[in-house]
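What follows is a short report on a single structure.
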There are 2 protein chains.
Amino acid sequence: MITEGKFTKGTPCRDCPLRPLPLFRPFKAEELAFVSHFKIGELAFGASATILAEGEQSEHLFTVLSGWGFRYKMLDDGRRQILNYVMPGDIVGLQGTLMGEMQHSIEALSPVVLCVFQRDRLAELYREHPDLAYDLTWIAAREERMLDENLLSIGRRSAVERAAYLIAFLYQRAATLELFSSGWSVIPVTQQHVADTLGLSIVHTNKTLKKLAARGLLRWAEKGCDVHDIDGLLALAGWDGLSEPKRPLI
Amino acid sequence: MITEGKFTKGTPCRDCPLRPLPLFRPFKAEELAFVSHFKIGELAFGASATILAEGEQSEHLFTVLSGWGFRYKMLDDGRRQILNYVMPGDIVGLQGTLMGEMQHSIEALSPVVLCVFQRDRLAELYREHPDLAYDLTWIAAREERMLDENLLSIGRRSAVERAAYLIAFLYQRAATLELFSSGWSVIPVTQQHVADTLGLSIVHTNKTLKKLAARGLLRWAEKGCDVHDIDGLLALAGWDGLSEPKRPLI
DNA sequence: CGGAAAATTGATAATTGTCAATCGTCGTGG
DNA sequence: CCACGACGATTGACAATTATCAATTTTCCG
């Protein structure tokens, strides 16, 4: 298990594999130039590595370039709550960068590569590139929106509804990123991750997922959850699904 | 019940009653000048008025000048989840302003007065006042942090711990705003609000609060919760409490 | 005074958690 | 190639927590 990430120079932003996705809003040439300058390299982690730890002063700001991870907090006695998942295009470490210490940890679910940005230059970003500054706020507001949904789900949905919501949520996020191109759609989480996201015990989570499988909505596959019927999941959760217009990528 | 707010010219920012609080970071003269110009008036609501409704296009951006409110979402069948509370100095409507439609509603707990900002001028804020833009992002990150804590609480704490956490959280936020100057400390919520925040039923919430009262940690007073032993609540919740350095006010 | 909203209570039911195994898969070392 | 061990999934039995139902009581206000 790699805990320290491996640093490399990485690919230049102009060759960014993410930016061409239809999901992301177009980027002005000067913005691209600035971001290229803002990025100082890449950091690679293995699956289950700790990317950022609670209590750390984060020196840098990151964008996920590839891979899946999750943000979580723990209580003193070890109870863990997964707050949200991070996927390509997500910004990571912003809370820590703005407010000092990280108040949550981030762990890799699969091998993860981050773009590394120099914290010092953030002021320059705000000074010289108001559009990018706006984008940062936008991205923070988007995270808030996801957390609102999660809170609603954990607080008020039943176990089955909650599970359906979570799987549908992850499926849709990954689908818009075109992570399922290869034909099947496996979300790389264990049932323990699902349990820690839903606020349920592992045993009850297992029984709940079985119910969803019995309805033909999903199947538990090798190393994750294979979605069979996204519409069924959405209906069961009573959720409209993600409504994401074009979003910024930094 | 007032649903439409009453609009007035309001007090000029230079006489803002909030800004002098030690909680808020100092403000440069030019920032004050811009914000004065950014603010177009005030909007007053009565207790239990709907300040913003899910689905609305919000024309404006607001800062709470006085009063308590809460943000919430509902499922189709009426189940309600309170996401967070809003208090003086909090920004309201940012999600809607940035991303289009509001995805949650906001209701007043007590009479509330908002400062109203012209949405159109937001671009100008980003262009001309990078420090204020930074503050906006900072405030969004702060909200995210509070939501993280809430999520941890709802997902992983027991009913009693959850209730203790919530009351301590609200108490501390109000205390830093010096809302309890008059000697006693009553949080203006009903048990239904507590229930909808904790994700519990009203009956079980009542029994849970009784347990806290039996331990001498609080008492249910007229129109709210009177905190008797904040340290006891913090200890019971296993929570360190709010750690807020100076924060920006817009 | 009357009525409505909020708080309280006890009884009972449903949901979810805990315990204790078992099973399956997979990678490693012999 | 096979045994071993680790981790994750699965199960059944039972316990604890939380929800629901159905009153009552209390408080608040016009």
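Letters A, B, ... are given to chains in the order of the sequence lines, protein chains preceding strands, and every chain is numbered from 1. Only this structure's heavy atoms are used, side chains among them; waters, hydrogens and symmetry mates stay out.
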Original post:
Step by step, would you call A:Met87 with A:Val64 a side-chain contact (heavy atoms from CB on, under 4.5 Å)?
Top reply: CA-CA 6 Å; A:Met87 295 186 201; A:Val64 178; 5.9 Å; no
Nucleotide N/O to protein N/O under 3.5 Å, stretch nucleotides 25-30 of chain D:
from: D:dC29; atom 1: OP1; to: B:Lys223; atom 2: NZ; distance (Å): 3.3

**OP:** Using a cut-off of 6.0 Å, state whether more than 12 heavy atoms not belonging to A:Gln192 lie near its atom CD.
**Re:** yes
Original post:
Roughly, in whole Å, what's the span from CG in B:Leu209 to C1' in D:dT18?
Top reply: 14 Å
Original post:
Do we see a donor-acceptor contact under 3.5 Å between the side chains of A:Glu42 and A:Thr11?
Top reply: yes
**OP:** Mind checking A:Thr190 for me? I need base, sugar-phosphate or nothing, with any heavy atom below 4.0 Å counting as a touch.
**Re:** sugar-phosphate
**OP:** If a pair satisfies salt bridge (charged side-chain N to carboxylate O under 4.0 Å, His left out) and one of its residues is in residues 161-175 of chain B, list it, with sequence neighbours excluded.
**Re:** A:Arg79-B:Glu161, B:Asp90-B:Arg173
Original post:
Taking atom P of D:dA9 as reference, at what distance in whole Å does atom CG of A:Leu218 sit?
Top reply: 13 Å
**OP:** Would you kindly give the CZ-to-C1' distance between A:Arg156 and D:dA19, to the nearest whole Å?
**Re:** 11 Å
Original post:
Between C:dT8 atom P and B:Leu212 atom CG, what is the distance in whole Å?
Top reply: 12 Å
Original post:
Does some side-chain heavy atom of B:Leu212 sit less than 4.5 Å from a side-chain heavy atom of B:Trp220?
Top reply: no
Table of protein N/O atoms under 3.5 Å from nucleotides 10-13 of chain C N/O atoms:
from: C:dG10; atom 1: N7; to: B:Lys207; atom 2: NZ; distance (Å): 3.4
from: C:dA11; atom 1: N6; to: B:Lys207; atom 2: NZ; distance (Å): 3.4

Original post:
For A:Arg215, does the CZ atom have more than 12 heavy-atom neighbours from other residues, nucleotides or ligands under 6.0 Å away?
Top reply: no
Original post:
Where do B:Leu147 and B:Arg71 land on the side-chain contact (heavy atoms from CB on, under 4.5 Å) test, with the steps shown first?
Top reply: CA-CA 11 Å; B:Leu147 292 174; B:Arg71 299 198 304 120; 3.7 Å; yes
Subject >> A:Arg80 CZ: over 12 foreign heavy atoms closer than 6.0 Å >> reply: yes
Original post:
Is B:Leu234 close to B:Ile230 at the side-chain level, that is, under 4.5 Å between some pair of heavy atoms?
Top reply: yes
**OP:** Begin with the C-alpha distance, continue with both residues' side-chain angles, and end with the deciding distance and a verdict on side-chain contact (heavy atoms from CB on, under 4.5 Å) for A:Glu143 and A:Leu94.
**Re:** CA-CA 11 Å; A:Glu143 178 72 17; A:Leu94 184 61; over 6 Å; no
Subject >> A:Leu152 and A:Trp239: CA distance, side-chain angles, deciding distance, side-chain contact (heavy atoms from CB on, under 4.5 Å) verdict >> reply: CA-CA 11 Å; A:Leu152 171 64; A:Trp239 185 49; over 6 Å; no
Original post:
Between the two end axes of the helix from C:dC1-D:dG30 to C:dG30-D:dC1, each built from 5 base pairs, what angle do you get to the nearest 10°?
Top reply: 40°
Subject >> Whole angstrom value for the distance that separates C1' of D:dA19 from CZ of A:Arg157 >> reply: 19 Å
Original post:
Between D:dT18 atom C1' and B:Ile202 atom CD1, what is the distance in whole Å?
Top reply: 14 Å
Original post:
Under 4.0 Å: is that the gap between some side-chain N or O of B:Gln191 and OP1 or OP2 of C:dA5?
Top reply: no
Original post:
Does CD belonging to A:Glu56 count more than 12 external heavy atoms closer than 6.0 Å?
Top reply: yes
Original post:
According to the ring pair (Phe, Tyr, Trp, His ring centres under 6.0 Å) rule, which pairs have a member within residues 62-88 of chain B, sequence neighbours left out?
Top reply: B:Phe70-B:Tyr72, B:Phe70-B:His193
Subject >> Atom-pair distance (CZ on A:Arg219; P on D:dG8), nearest Å >> reply: 22 Å
**OP:** Taking all heavy atoms of B:Val186 and all of B:Ala221, pick out the closest pair and write down the distance.
**Re:** CG2-CB, 4.5 Å
Subject >> Side-chain N or O of A:Asn206 closer than 4.0 Å to phosphate OP1/OP2 of D:dA9 >> reply: no
Subject >> Close residues, residues 192-200 of chain B, relative to DNA chain D [heavy-atom separation under 4.0 Å] >> reply: B:Gly199, B:Leu200
Original post:
Quick one: B:His204 NE2 to D:dT17 P, roughly how many Å, whole number?
Top reply: 8 Å
